[in-house]
Amino acid sequence: MIIKCQNVYKKYKDIQALDGLNLSIKKGDIHGLLGPNGAGKSTLINIFASLINHDKGDISIMEQSIPNYFHKIKGKLGFVPQDLAIYEDLTAYENISFFASLYGLRGKERKDKVKKALEFVGLADRQKSQVKTFSGGMKRRLNIACGICHEPEIIFFDEPTVGIDPQSRNHILESIVKLNKQGNTIIYTTHYMEEAQSICDKISIIDHGKILAEGTVSQLVKLVTKYELLYVKIKGESFNKHESNLFLEINGVQSINIEEDGIAITHNGNSGLLENIILQIKNCNRQVASIESRMPNLEDVFLTLTGRTLRD
Ligand code: ADP
């Protein structure tokens, strides 16, 4: 394992951000850390980056233990932080060159690597423009170039696609897959289950500073297939919180999630359950438009494990 965390704790005043976290990451994987806002993802990445210290527990990266590892393997690690770490008044080239210098790159080697990073994120033709003229998506791409210009072996991405347009998002996801194909190990934090599902080899579901479950998408989905999933579309307005809670009282219902046009229900297949659900819909003065049964996805796994959705 290229990264190992055993029983890691971190507290900020009265908030327990990491609460006995265990995690193993295999060399060469794209490993997703999937969890809602406040789950503890950035805290963990900031500890890996030596920006903050943990309180308790063992962490090792490339067989070096924290906190002593950093100077030994700093050049092999790349960080793409959630908050943009770039200078608006400098050009794209100058920004990357500055970060490259922090990693000790000089002269021709630095120039070559800056150029390579610019090309990698598709900003070579804008290298001389000041960053303040860039769109949000371009800034995010530049942020990535700054984090990878020194050609690290392990790259940490902390929610790199938050708040950007779909085209830039796809560009970033494709870049990450490309970096992985070149042999890099990637740690990718996100609260978007579609992203985790599409690019990650392995996913750890994190909530309240703990890993709740870990595996490939299909292994995680198998965790909840003892439950079946019904998706009921209704005519007109969807249910409010009070109405939706009434479904939870039906015998055999495990969890519910209100969606724009209906309700998703995980259940244990009790006989008579469907009739009870339809009855409840009528009691709420709604009409069924359609009912379908579908395979659970990662959102359903999270819902079943925590009783909440990823975006709560
Ligand atoms: P995530 O990245 O999953 O959104 P964070 O690691 O940022 O989660 O936060 C975990 C918890 O720690 C949250 O409850 C957050 O409010 C809290 N937290 C994070 N940073 C600080 C800080 N510097 N001071 C106090 N509380 C913090």
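One-based numbering, in listed order, for ligands and for the atoms of each.
- When hydrogens are left out, the protein atom nearest atom 4 (O) of ligand 1 is G38 N, 2.7 Å; that is the closest non-hydrogen contact.
- Using cut-offs of 30° and 60° for the angle between ring planes, the F156 and F79 rings count as parallel.
- Of all atoms in ligand 1, listed by their number and element, those nearer than 4.0 Å to a heavy atom of A39 are 1 (P), 3 (O), 8 (O).
- For atom 8 (O) of ligand 1, the nearest protein heavy atom (residue, atom name, distance) is G40 N, 3.1 Å.
- When N46, L34, I15 are checked for heavy-atom proximity to atom 17 (C) of ligand 1, I15 turns out nearest.
- Salt-bridge annotation for R308 and D207: present, with a side-chain N of the basic residue lying under 4.0 Å from a carboxylate O of the acidic one.
- Y12 carries K10 over the face of its six-membered ring, with the cationic atom under 6.0 Å from the centre and within 45° of the normal.
- Contact annotation for atom 15 (C) of ligand 1: protein absent (non-hydrogen atoms, distance under 4.0 Å).
- In this structure, K128 forms no cation-pi arrangement with Y93, as its terminal cationic atom is not both closer than 6.0 Å to the ring centre and no more than 45° off the ring axis.
- Of all the atoms in ligand 1, the ones that sit under 4.0 Å from a non-hydrogen atom of P36 are 3 (O).
- Taking a cutoff of 4.0 Å between a charged side-chain nitrogen and a carboxylate oxygen, E153 and K27 do not qualify as a salt bridge.
- From the protein, the heavy atom lying nearest to atom 27 (C) of ligand 1 is Y12 CD1, 3.3 Å.
- Closest heavy-atom approach to atom 9 (O) of ligand 1 among the candidates D158, D207, T43, L33: T43.
- Near N37, with a cut-off below 4.0 Å to any heavy atom, the atoms of ligand 1 are 4 (O).
- Between the side chains of Y231 and N257, no donor-acceptor pair is found at a separation under 3.5 Å.
- A salt bridge between E88 and K139 is present, with a side-chain N of the basic residue lying under 4.0 Å from a carboxylate O of the acidic one.
- Closest protein heavy atom to atom 7 (O) of ligand 1: S42 CB, 3.7 Å.
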